[in-house]
Amino acid sequence: MGEECKPATAADAMVAQLTQKVTASFDIFDHESNQTVDVREIGTIIRSLGCCPSEGELHDMLAEIEEEEPTGYIRFEKFFPMMTKVLMQRRYTPATEDKLLRAFEVLDVKGDGFLTQEALTKYMTTEGEPFTEEEMDEFMTAALDPDRNVVLYKDYVSIMVADDEQ
């Protein structure tokens with residue numbers, strides 16, 4: 001009889017942990033302590049929970065939880081069920097280290113093991129979902145090797161993956 005209760009207890013513990021994680025992330029941006037956050041903060045909250053949706057996917061998520069008459073704020077009661085479902089379904093998982101490395105290697109046509117700031121800026125601002133100037137500045141601050149003024153992508157990918165695991 002006691003054995004049958006264990007799965008429910010494990011499931012309850014998982015739900016409680018998930019609830020705590022989502023609530024804590026939301027609360028950081030709930031500056032008014034009124035169970036709402038600025039709609040512009042939702043992407044940051046979602047990414048802090050380990051999800052990496054594209055801008056299009058993020059837009060779809062926002063459309064699902066915004067009020068019929070947009071207020072510029074998202075209520076926790078709308079955000080929580082959507083985010084719980086996303087986390088339970090393990091949607092929008094970050095790319096693996098191998099996949100990131102292969103992506104950089106495709107861009108490194110010479111096989112040098114690095115990309116120049118100019119080449120990477122061109123790719124990142126004109127291909128796929130373009131980075132903004134601010135995003136590129138942040139990226140280069142983190143990725144650029146200060147001694148050689150290039151992105152040593154194998155090192156950078158290792159740092160990115162290590163940060164995601166923390």
Trainee: Drop me the distance from Leu49's CG to Ser25's OG, to the nearest 0.5 angstrom.
Mentor: 4.0 Å
Trainee: Leu115, Val150: one ILVMFWY side-chain cluster at the under-4.5 Å cut-off?
Mentor: no
Trainee: What's the separation between atom OG1 in Thr19 and atom NZ in Lys21, rounded to the nearest 0.5 Å?
Mentor: 12.0 Å
Trainee: Checking side chain to side chain contact (heavy atoms under 4.5 Å, CB included) for the pair Tyr156/Leu144: CA distance, chi angles, key distance, verdict?
Mentor: CA-CA 9 Å; Tyr156 182 66; Leu144 206 58; over 6 Å; no
Trainee: Side chains of Leu120 and Phe139, heavy atoms from C-beta outward: is any pair under 4.5 Å?
Mentor: yes
Trainee: Kindly indicate whether the side chain of Glu135, heavy atoms from C-beta on, has any atom under 4.5 Å from the side chain of Thr132.
Mentor: yes
Trainee: Within a strict 4.5 Å, meaning less than it, do heavy atoms of the Glu77 and Gln35 side chains meet?
Mentor: no
Trainee: Any chance you could measure Lys78, atom NZ, to Leu62, atom CG, to the nearest 0.5 Å?
Mentor: 12.5 Å
Trainee: In the structure I gave you, are the side-chain heavy atoms of Thr93 and Cys52 within less than 4.5 Å of one another anywhere?
Mentor: no
Trainee: Is any side-chain heavy atom of Phe26 closer than 4.5 Å to a side-chain heavy atom of Phe80?
Mentor: no
Trainee: Out of curiosity, Asp38 CG to Phe29 CZ, how far, rounded to the nearest 0.5 Å?
Mentor: 10.5 Å
Trainee: Could you check whether atom NE2 of His59 has more than 12 heavy atoms from other residues, nucleotides or ligands sitting under 6.0 Å from it?
Mentor: no
Trainee: Are the side chains of Gln89 and Thr84 in contact, using a 4.5 Å heavy-atom criterion?
Mentor: no
Trainee: If two hydrophobic side chains count as joined below 4.5 Å and joins carry through other members, does Ile46 share a cluster with Phe76?
Mentor: yes
Trainee: Restricting to pairs with a member in residues 101-110, which pass side chain to side chain donor-acceptor pair (under 3.5 Å), not counting sequence neighbours?
Mentor: Asp98-Arg102, Asp108-Tyr153
Trainee: Quick check: does any side chain N or O of Glu127 sit under 3.5 Å from a backbone N or O of Met124, one acting as donor and the other as acceptor?
Mentor: no
Trainee: Quick one: do Val15 and Val22 end up in the same hydrophobic cluster if we chain Ile, Leu, Val, Met, Phe, Trp and Tyr together by side-chain heavy atoms under 4.5 Å apart?
Mentor: no
Trainee: Look up atom OG1 in Thr36 and atom CD in Glu41, then write down how far apart they are to the nearest 0.5 Å.
Mentor: 11.5 Å
Trainee: Please check if the side chain of Asp30 supplies one atom and the backbone of Val37 the other of a donor-acceptor pair under 3.5 Å.
Mentor: no
Trainee: So, are Arg47 and Glu55 salt-bridged, with charged N and O less than 4.0 Å apart?
Mentor: yes
Trainee: Is Glu129 atom CD crowded by more than 12 heavy atoms from other residues, nucleotides or ligands, each under 6.0 Å away?
Mentor: yes
Trainee: Is the closest side-chain heavy-atom distance between Pro53 and Met61 below 4.5 Å?
Mentor: yes
Trainee: Honestly curious: do Tyr92 and Leu100 fall in one hydrophobic cluster under the side-chain, below-4.5 Å linking rule?
Mentor: no
Trainee: Could you give me the CA-CA distance, side-chain angles and deciding distance for Glu118 and Thr121, then say whether side chain to side chain contact (heavy atoms under 4.5 Å, CB included) is met?
Mentor: CA-CA 5 Å; Glu118 296 75 26; Thr121 298; 5.9 Å; no
Trainee: I'd like to know if the side chain of Gln17 and the backbone of Met14 have a donor-acceptor N/O pair within less than 3.5 Å.
Mentor: no
Trainee: Take Phe104 and Phe114, measure what side chain to side chain contact (heavy atoms under 4.5 Å, CB included) needs, and give me the verdict at the end.
Mentor: CA-CA 9 Å; Phe104 277 109; Phe114 65 84; over 6 Å; no
Trainee: Going from CZ on Phe131 to OG1 on Thr125, what distance comes out if it is rounded to the nearest 0.5 angstrom?
Mentor: 10.0 Å
Trainee: Please check if atom CZ in Arg91 has more than 12 non-hydrogen atoms from other residues, nucleotides or ligands closer than 6.0 Å.
Mentor: yes
Trainee: In terms of hydrophobic clustering (I, L, V, M, F, W, Y; side-chain heavy atoms under 4.5 Å; direct or indirect links), are Leu58 and Met83 co-clustered?
Mentor: yes
Trainee: In this structure, is the centre-to-centre distance between the rings of Tyr73 and Phe79 below 6.0 Å?
Mentor: no
Trainee: Can Val151 and Gln117 be said to form a side chain to side chain contact (heavy atoms under 4.5 Å, CB included), step by step?
Mentor: CA-CA 7 Å; Val151 175; Gln117 181 174 356; 6.0 Å; no
Trainee: Should the pair Arg75-Glu67 be classified as a salt bridge under the 4.0 Å nitrogen-to-oxygen rule?
Mentor: yes
